[in-house]
Number of protein chains: 2
Amino acid sequence: MESSFAIIAEPNRRSILSLLASSECSVGELERQLRMPQTSVSKHLRVLRDAGFVEARVEAQRRVYRLRPEPLMEVDAWLTPFRRFWTAHVDALERHLDQMDLPPKKGKKR
Amino acid sequence: MESSFAIIAEPNRRSILSLLASSECSVGELERQLRMPQTSVSKHLRVLRDAGFVEARVEAQRRVYRLRPEPLMEVDAWLTPFRRFWTAHVDALERHLDQMDLPPKKGKKR
DNA sequence: AGTTTATATGACTTGACGGGAATATGAATC
DNA sequence: GATTCATATTCCCGTCAAGTCATATAAACT
């Protein structure tokens with residue numbers, strides 16, 4: 001359970017994170033929107049919290065969870081060396097489109 | 001039916017992908033650089049190939065593996081809704097501007 | 001042909017993870 | 001203070017994946 005990658009390997013956890021990307025949620029709200037048992041939501045939230053993906057604030061009986069950016073930034077950073085593999089493709093696609101489309105005003109520095 | 005996220009949850013597979021990001025490799029080269037048993041490397045490559053992360057070309061007795069961009073692009077796309085969480089805080093981080101420098105064939109980057 | 005080199009596959013074991021039910025904790029309301 | 005609501009934790013179980021060992025395939029070399 002150590003790496004951030006293992007954490008987001010779980011589909012339900014990714015769903016939780018996606019919901020929290022829109023707005024912070026209580027456990028009950030997550031439970032209803034994802035239609036999964038509360039005990040499951042709580043356990044996944046525990047994992048996410050231990051890994052630093054989310055943090056909770058106590059509000060009366062509720063716990064309101066919100067996102068923390070660091071672990072996903074780490075994933076994003078890991079992707080960096082790979083991006084050149086598809087930016088190359090995008091460039092090729094751009095060149096191709098330039099032949100049929102209007103010349104774009106955006107920066108094409110070469 | 002493994003998701004791309006589950007594939008890169010495995011540390012050894014991430015190591016393989018990182019090596020292939022520098023240059024294509026044969027199984028033996030991966031085996032030596034990662035210092036893991038050949039049978040393990042082959043099995044991870046099998047998983048990576050089935051998931052579309054890599055493809056192999058046959059070169060005599062060797063299989064030379066190289067990266068395929070699509071699955072990692074998918075991961076990158078999933079991160080999109082989350083990026084505002086750190087681009088908002090870390091101002092003007094140029095991670096999405098062209099980080100395209102010349103890819104070195106050997107030697108250390110970074 | 002037989003041997004070495006390079007890679008893949010199959011069988012087996014082991015350990016980790018997720019789901020579910022039951023239970024526990026704890027705050028709020030009566 | 002007992003009950004209800006909201007969330008967390010514990011225990012058991014089934015599954016699945018990774019590591020290891022042995023073996024299989026196939027090309028290259030003698």
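Side chains are part of it too, since the values below use all heavy atoms of this structure and drop only hydrogens, waters and symmetry mates. Per chain, numbering begins at 1; letters A, B, ... match sequence-line order.
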Open item on the list: Using the side chain to side chain contact (heavy atoms under 4.5 Å, CB included) criterion, which residues pair with A:R35? Sequence neighbours excluded.
Closed with: none

Open item on the list: Enumerate the salt bridge (charged side-chain N to carboxylate O under 4.0 Å, His left out) contacts for residues 12-21 of chain B, please, sequence neighbours excluded, ordered by first and then second residue.
Closed with: none

TODO: Sequence neighbours left out, what passes salt bridge (charged side-chain N to carboxylate O under 4.0 Å, His left out) with A:R68? Give chain and number order.
DONE: A:E70

Open item on the list: So, using salt bridge (charged side-chain N to carboxylate O under 4.0 Å, His left out) as the criterion, who are the partners of B:R46 when residues are at least two apart?
Closed with: B:D50

Over how many whole Å does the gap from [X] atom [atom1] to [N] atom [atom2] extend?
X	N	atom1	atom2	answer
B:I16	D:dG19	CD1	C1'	14 Å
A:R14	C:dG18	CZ	C1'	14 Å
B:E59	C:dA6	CD	C1'	13 Å
B:L48	C:dT7	CG	P	16 Å
B:F5	D:dA17	CZ	P	17 Å

Scan the side chains in residues 54-63 of chain B for donor-acceptor partners under 3.5 Å anywhere in the protein, sequence neighbours excluded, and list what turns up.
| residue | atom | partner | partner atom | Å |
| --- | --- | --- | --- | --- |
| B:E55 | OE2 | B:R66 | NE | 3.1 |
| B:E55 | OE2 | B:R66 | NH2 | 3.2 |
| B:R57 | NE | B:E59 | OE2 | 3.3 |
| B:R57 | NH1 | B:E24 | OE1 | 3.1 |
| B:R57 | NH1 | B:E24 | OE2 | 2.9 |
| B:R57 | NH2 | B:E24 | OE2 | 3.0 |
| B:R57 | NH2 | B:E59 | OE2 | 3.0 |

Open item on the list: Taking the ring centre of each residue, are A:W78 and A:F82 less than 6.0 Å apart?
Closed with: yes

TODO: Give a yes/no on whether any side-chain N or O of A:H44 is located under 4.0 angstrom from OP1 or OP2 of C:dG19.
DONE: yes

- [ ] Take nucleotides 4-16 of chain D nucleotide by nucleotide from the 5' end and write B, S or -, depending on whether a protein heavy atom sits under 4.0 Å from the base, only from the sugar-phosphate, or from neither.
- [x] --SBBBBB-----

